Amino acid sequence: MLGYLPAELVVEIISFLGFRDVVTLGYTCKDVHLIVRDLPNTFYRHWVLQFLKLVKENVKIRNIEKDENEIRDWKMVLKEVHILFTRLAACPSPGCGIQKYLRWLKEAPADCNVVRSVLVGVSLLPPTFSEMMELVDTKDATTICFSWRSKLILSWLYQSRNDFQILAKANIMDKKKSGKQESIGSFFNFNKFKLLLEYVMESNERLRLVMAKYHQIRTRGIFQNEGKLLLAWTGPSTIIDGIKSGSPDEHFRKHGRQIEVFLDLILLIKLNNQSPDIRFWA
């Protein structure tokens with residue numbers, strides 16, 4: 001039946017489907033198979049993001065997900081992501097019955113959904129603390145907060161669904177005027193993601209550290225006295241220069257253990273990081 005429909009209509013139908021459904025559809029007849037085989041690269045990028053939970057199921061493929069800054073064969077990327085997670089599944093569990101920030105993962109497989117999500121989310125973060133900040137008021141250079149992009153990534157990473165929905169809705173309203181909308185998927189960079197997975201799969205110690213730091217921040221927040229109100233934080237702009245020039249011990253003394261933990265998590269994004277400032281305590 002689908003073979004008798006115009007190719008444009010078949011592509012429109014496919015744009016509402018997930019990858020597995022499309023593959024199944026391609027087996028229905030030769031004409032549909034040829035259409036599926038020649039689908040635009042944009043479709044495969046959407047399915048990569050969907051597989052990584054950066055796009056919801058049953059969401060129409062939109063041009064918004066097209067990465068204009070990165071020309072890549074996303075059909076091949078989809079295969080590579082599956083291979084990476086298969087390799088991750090063969091790694092030891094990062095859980096531990098002794099380390100308090102890893103008990104929640106005791107006996108959990110290394111490729112369980114939460115580990116996958118954390119690795120995706122960490123790969124989205126900017127590589128420096130300063131790149132995550134912006135002025136609260138452009139007329140006042142003394143107070144900073146997390147940028148909208150950082151808030152969106154952090155709310156997705158830490159599963160704050162209410163914050164994520166509010167931020168995403170606000171972004172849609174703000175961007176309608178400019179005609180360009182940014183989604184969480186638009187921040188995904190496959191190179192960063194792949195290198196991070198390669199890095200943590202080299203040593204169980206590294207995967208344990210990422211998951212322990214993630215859970216400590218999720219439990220206690222980033223800044224010592226703000227608890228879990230991560231997205232509401234504001235602080236003096238001088239903190240950026242202090243973090244750029246200071247050592248981990250100085251960060252601990254001035255800002256507390258939590259900011260030190262968060263900075264370590266960002267350090268890990270500088271992929272294949274062999275920095276002596278990273279302490280593998282988990």
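Just so we're clear, the structure is a prediction, and the values are computed from it rather than from any experiment.
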**Asked** Do Arg149 and Glu134 sit within salt-bridge range, that is, some charged N less than 4.0 Å from a carboxylate O?
**Response** no
**Item:** Electrostatic pair Glu198:Lys194 at N-O distance under 4.0 angstrom
**Value:** no
Quick one: does [X]'s side chain get under 4.5 Å of [Y]'s, heavy atoms only?
X: Met76; Y: Tyr44; answer: no
X: Met201; Y: Leu207; answer: no
X: Tyr101; Y: Met211; answer: no
X: Leu54; Y: Leu124; answer: yes
X: His46; Y: Gln50; answer: yes
X: Leu39; Y: Ile14; answer: yes
X: Ile144; Y: Val136; answer: no
X: Phe146; Y: Leu154; answer: yes

To check you understand the geometry: which heavy-atom pair defines the closest contact between [X] and [Y], and what is its length?
X: Ile240; Y: Ser130; value: CG2-CB, 3.5 Å
X: Cys112; Y: Leu105; value: SG-CD2, 4.5 Å
X: Ser155; Y: Leu152; value: OG-O, 2.9 Å
X: Gly26; Y: Val32; value: CA-CG1, 4.1 Å
X: Glu131; Y: Pro126; value: CB-CB, 3.8 Å
X: Pro94; Y: Ala110; value: CD-CA, 3.9 Å

Applying a strict under-4.5 Å side-chain criterion to I, L, V, M, F, W and Y, I'd like to know whether [X] and [Y] cluster together.
X: Ile184; Y: Trp148; value: yes
X: Ile13; Y: Tyr27; value: yes
X: Val81; Y: Ile83; value: no
X: Val55; Y: Phe16; value: no

Sub-3.5 Å donor-acceptor pair from the side chain of [X] to the main-chain atoms of [Y], do we have one?
X: Ser117; Y: Val114; answer: no
X: Arg103; Y: Gly95; answer: no
X: Lys192; Y: Leu125; answer: yes
X: Thr24; Y: Arg20; answer: yes
X: Ser237; Y: Ala141; answer: yes

Give me the ring orientation class for [X] and [Y]: parallel if the planes are under 30° apart, tilted from 30 to 60°, perpendicular past 60°.
X: Tyr158; Y: Tyr214; value: parallel
X: Trp47; Y: Phe43; value: perpendicular
X: Phe85; Y: Phe51; value: tilted

Approximate separation, where rounding is to 0.5 Å, of [X] [atom1] and [Y] [atom2]:
X: His82; Y: Arg87; atom1: NE2; atom2: CZ; result: 15.5 Å
X: Glu8; Y: Ile35; atom1: CD; atom2: CD1; result: 8.5 Å
X: Asp140; Y: Leu135; atom1: CG; atom2: CG; result: 7.5 Å
X: Leu102; Y: Ser93; atom1: CG; atom2: OG; result: 8.5 Å
X: Asn41; Y: Lys75; atom1: CG; atom2: NZ; result: 10.5 Å
X: Lys106; Y: Cys96; atom1: NZ; atom2: SG; result: 8.5 Å

**Fill in**
From the list Leu119, Asn113, Asp111, side chain to side chain contact (heavy atoms under 4.5 Å, CB included) partner of Val115 resolves to Leu119
**Asked** Stepwise, does the side chain to side chain contact (heavy atoms under 4.5 Å, CB included) test hold for Phe19 with Val48?
**Response** CA-CA 9 Å; Phe19 178 70; Val48 168; over 6 Å; no
**Prompt:** Crowded around Ile98 CD1? As in, over 12 foreign heavy atoms under 6.0 Å?
**Reply:** no
**Message:** The test is side chain to side chain contact (heavy atoms under 4.5 Å, CB included); show your working for Leu52 and Phe193 and say whether it passes.
**Reply:** CA-CA 11 Å; Leu52 298 175; Phe193 172 73; 4.2 Å; yes
**Message:** Any donor-acceptor pair under 3.5 Å linking the side-chain atoms of Asn191 with those of Arg72?
**Reply:** yes
**Item:** Short side-chain donor-acceptor distance under 3.5 Å, Gln216 and Thr219
**Value:** no
